[in-house]
Q: 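Right, I'll just put the structure down here and ask away after.
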There are 2 protein chains.
Amino acid sequence: MENLSFSEYSLIYNAFSFTFATMMAATLFFWLSLKSVAPSFRPAMVVTGLVTFIASYHYLQIMLSFDSAYDVVNQTVTATGKTFNVAYRYVDWLLTVPLLLVELILVMKLARGETIKKATTLGLAAALMIILGYPGEVAGDLGTRQFWWYLSMVPFLYIVYTLVVGLKTSISAQPDAAKGLVKTACWVVILSWSFYPIVYLLPNLGVVGAFTAVEIGYSIADIAAKAGFGVLIYMIARAKSDAEGYKAV
Amino acid sequence: MENLSFSEYSLIYNAFSFTFATMMAATLFFWLSLKSVAPSFRPAMVVTGLVTFIASYHYLQIMLSFDSAYDVVNQTVTATGKTFNVAYRYVDWLLTVPLLLVELILVMKLARGETIKKATTLGLAAALMIILGYPGEVAGDLGTRQFWWYLSMVPFLYIVYTLVVGLKTSISAQPDAAKGLVKTACWVVILSWSFYPIVYLLPNLGVVGAFTAVEIGYSIADIAAKAGFGVLIYMIARAKSDAEGYKAV
């Protein structure tokens, strides 16, 4: 296990706690706001809350696992020998990353067949991207890490291509009030998700304190990609509900 | 207790955690989506959520029981002597497997008498199937395991027969929008449930690493048979609500 200074330990621990609180709060916001969007956008809001709910569970587990991996006495940090379970992140992403794309597809309100087709292909590509990243994350050597990074980038680039090119007609069919927001949402996916492969490569780039940087980096990326992106989905659902003349009762 | 390598231990532990998160998320999805189906389909959705809720509880217990059965220090896994309680699965199935058939019967919306009759006979057959499987699962020797497997297959085949032949008239009476989905749901039951007797027999087939394969196999089967099947029940309820002209408010 990585040797950590007291300040590194505290920074990481507090980042986990911050992310847990943010994800729980975001979940409650999305579900408590269900009735403020038209019925047809509620499935999108339900899924948006599921993503942050699943992330809350995993950040709680990550925080507890990190806590058990170190003893801190008089500001001296010693590894206990217990495992810091990195897999929680991957298990989380395997569930949440496909669901994030499903949120986006649902809020666009395409025809039923198109929704199922797009949600399935994008969801599978996202799951594949996560599965291909995992062997590199747990590998001891940097060459293996690099190898799986390349493989994982293939489905990632497919997703980017679909969001930029494949959804062009669907985006231009959005009501004017939401068109800009939907475009922004696609770009938030692309930009916030680009953060992950960069963080993943930090150890390969020989960054000093890469362990701390990876944990903090993933936490920031998760907040942007899940809670931040979710707020955008909520704004799209609100704008489209208004455009349809929906009045909450 | 089985000797496990660190990677086997991690794989099993993470599969339990993944299944717990999936079941909790599925439960919330089904219950938060109650109002998006017509009132007559809400009992089916409530039961669908009950199944994944009960499974969440048991996967949490299974995860904690597994955690207490092993000590992991510096990636070395040692059995503590505490019991890994296999019975949680059977207690779970005793509750959830009859309820899964009840979901299917409820979403088909048969006449009241027919619903009660079908739900009772299928539910009892499912409970019997689980009860007959248990003595073999806890038996030390493979002969006893095989013996109870045969007995348990009798109610299983009765259920398959009922789903394929007994429900034929009820399925053809479904609205066109849902007929295909209901047929798919029957086949998902048959195929996902077939997975269990195969996993059960792995130790008899002399599979290397059977302990790990059994735990992972049951987890995958539970996700498909409960959360996956539940999504299908939701889709049927949505399609039939639409066909009835239901509009959520």
Q: Using non-hydrogen atoms and a 4.5 Å limit, figure out which bit of A/Leu34 sits close to chain B: side chain, backbone, both or neither.
A: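 Side chain only.
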Q: Suppose we screen for side-chain contact (heavy atoms from CB on, under 4.5 Å). Which residues come up paired with B/Leu181, at least two apart in sequence or across chains?
A: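 For B/Leu181 the side-chain contact (heavy atoms from CB on, under 4.5 Å) partners, ignoring immediate neighbours, are B/Leu232, B/Met235, B/Ile236, B/Ala239.
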Q: Could you list the residues that satisfy ring-ring contact (aromatic ring centres under 6.0 Å, His included) with B/Phe16, not counting sequence neighbours?
A: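 Here the qualifying residues are B/Phe66.
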Q: Surrounding NZ of B/Lys179 (heavy atoms of other residues, nucleotides or ligands, distance under 6.0 Å), is the total greater than 12?
A: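 Yes, enclosed.
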Q: Under the side-chain contact (heavy atoms from CB on, under 4.5 Å) test, which residues partner A/Leu94, sequence neighbours left out?
A: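 Only A/Ala127, A/Ile130, A/Ile131, B/Phe18 meet the side-chain contact (heavy atoms from CB on, under 4.5 Å) criterion with A/Leu94.
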Q: How about B/Phe53: does its CZ atom have over 12 heavy atoms from other parts shown lying under 6.0 Å from it?
A: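 Open.
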Q: For chain B and chain A, what donor-acceptor pairs lie under 3.5 Å, backbone included?
A:
unit_1	atom_1	unit_2	atom_2	d
B/Tyr13	OH	A/Tyr88	OH	2.7
B/Asn14	OD1	A/Asn85	ND2	2.8
B/Ser17	OG	A/Tyr57	OH	2.9
B/Asn74	N	A/Gly81	O	2.7
B/Asp242	OD2	A/Arg112	NH2	2.8
B/Val249	O	A/Arg42	NH1	3.0

Q: Among the options A/Val46, A/Val51, A/Leu95, pick out the one with the most heavy-atom pairs lying under 4.5 Å from chain B.
A: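 Looking at each option in turn, the highest pair count goes to A/Leu95.
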Q: Which atom names give the shortest non-hydrogen contact between B/Ala248 and A/Pro39, and what distance separates them?
A: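 Heavy-atom minimum between the residues: O-CG, 3.3 Å.
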